[in-house]
Amino acid sequence: MPRYYLNLRRKGVLIADPDGEEAADLPALRRVIENTIEDILRRPETYGENPYWDQCTFEIADEGGTIVMTVPFSEFAHEL
Amino acid sequence: MQVPSQRHLRNRLLAVLPTPDCDALRAALEPVPLVRGQVLIEPDQPFTHALFVEAGIVSAVARGDTRRIEIGLVGRDGFVGVPLALGVDRSPHESIVQIEGEALRLPSATFSDLVERHPAIRAVLLRYAHVFQLQTAQTALSNGSYSLEERLARWMLMCQDRVGGDDFPVTHEFLAFMLGVRRPGVTTTVHLLEGAGMIKARRSRIQILDRAKLEEAAGESYGSAEAEYRRLIGPGKPL
C-alpha cells in the first residue's frame, strides 16, 4: 500500500510527519484524515484547545514528496 | 547463555535481595530476549512465567472496546507478573515489549513457590507491586491532565530512567497507540518539546537533551512514584 505523510502546516511552519501512514487510495486517506481531525477537535481535554488546531492544515505528501491533499481543520470546526 | 552473578545483574529487584535469596531465584531463571512488539502476557490468560527485566521496556496496557492505553512501564526497575506475587493467576491487562532488551524468566509455579518460601523475596516483590500501583495512579493523574506535553514529557523521563542512556528507539505510531491518541497529536507535541530544546526527534528515535526542562514540563505527574521506589526498594541508578 502507498505511504502518505500527514504533515501539518500551522502559521507558516511545517511540522513534518516522520513516519507516515499507509492508505489504499486517496478516498481511504481522506476518510482517515476526517476521522483524525474529528477525534482531535472532539477531545480538547486530551489534544488541547481548538484555537490551536483551527490554525492547522494537513498538507499530505506522497513518498515522492508531492502534495496530494490539503485539508484545513477549520473545514470541520463548525460541525462540532 | 548463563544467568549473571548477583553483582552483574541489571535488574534492581534481584540486585537488592539478600544473596541466598537471589541465588535461589537465579537457580530457576532463564535468560530470554525481549523483541519489540512481543506480547509477554495475553489478557485473561493464565501467566506462564514471571519475568525480571534486565534491559528494555515492557508496557502494561489496558484495553477497552475501541481503544488501548498504556497504564504502566516496566524496565530493569521491576518484573512482569505482579498478579502472581499477589496470588492471582491472570490479568485483564496485556504486557507488550515496547523497547527491545533482555529478561530473566521462570515458570509461574516455581515463582509462586519461591515467593511463598522466601520472605525476603516476597517483601521486595510486594513493595514493587505497591510502587507499580502508585505509578499507574500517577498515569491516571497524568491522563486527566490538560496537555499531551505533560504526558509525553513524563513518558520520556520514565523511559530514560529505565533504559539509562540519552536516546531510545520509538515511533510516533507506537507512542500514539500507547497514549491513546491519533498520531498527529504525538507529532505536534514532539515538535513542541523539540522547539523548547528538551528533546531531539529523528525518524523512530528520541534523544533527551535537557532532562531538567522535561521534569518541569512533566510537572506533578512525575516524581512521587519514583521517590517511593527509592524509599522502599533502594536507590540503584537512575531510579
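Protein chains get the first letters and strands the later ones, always in sequence-line order, with residue 1 at the start of each.
- Identified by a heavy-atom distance below 4.5 Å to chain A, contributing residues of residues 87-99 of chain B are lacking entirely.
- Top candidate by heavy-atom pairs under 4.5 Å with chain A, chosen from B:Val181, B:Leu179, B:Thr171, is B:Val181.
- Shown here is A:Arg9, whose CZ atom has more than 12 heavy atoms of other residues, nucleotides or ligands within 6.0 Å.
- Within 6.0 Å of CD on B:Glu173 lie no more than 12 heavy atoms contributed by other residues, nucleotides or ligands.
- At a 4.5 Å heavy-atom cutoff, the contact between B:His172 and chain A is made by backbone and side-chain atoms alike.
- Taking a 6.0 Å sphere around CD of B:Glu215, one finds it holds more than 12 heavy atoms contributed by other residues, nucleotides or ligands.
- Listed by first then second residue, pairs satisfying salt bridge (charged side-chain N to carboxylate O under 4.0 Å, His left out) with a partner in residues 194-207 of chain B read A:Asp19-B:Arg203, B:Asp167-B:Arg205, not counting sequence neighbours.
- To the nearest 0.5 Å, atoms CD (A:Glu45) and CG (B:Asn143) are separated by 11.0 Å.
- For A:Phe73, the ring-ring contact (aromatic ring centres under 6.0 Å, His included) partners two or more places apart in sequence, or in a different chain, are A:Trp53, A:Phe58.
- Applying the 6.0 Å contact sphere to CD of A:Glu22 captures more than 12 heavy atoms from other residues, nucleotides or ligands.
- Contact count against chain A (heavy-atom pairs under 4.5 Å) is highest for B:Pro184 among B:Gly185, B:Pro184, B:Gly180.
- Closest approach of A:Tyr47 and B:Leu148 over heavy atoms only: CD2-CD1, 4.2 Å.
- Evaluation of the salt bridge (charged side-chain N to carboxylate O under 4.0 Å, His left out) test over residues 179-189 of chain B, restricted to residues two or more places apart or in two chains, returns A:Asp17-B:Arg183, A:Glu21-B:Arg183, A:Asp39-B:Arg182.
- Taking OG1 from B:Thr187 and CG from A:Leu8, the interatomic distance works out to 7.5 Å, rounded to the nearest 0.5 Å.
- Residue A:Asn35 touches chain B through both its backbone and its side chain, counting heavy-atom pairs closer than 4.5 Å.
- Contacts between A:Arg10 and chain B at a heavy-atom distance below 4.5 Å are absent for every atom of the residue.
- With a 4.5 angstrom heavy-atom cutoff, B:Thr189 does not touch chain A via any of its atoms.
- Within 6.0 Å of atom CD in B:Glu220, 12 or fewer heavy atoms from other residues, nucleotides or ligands are found, so the atom counts as exposed in its surroundings.
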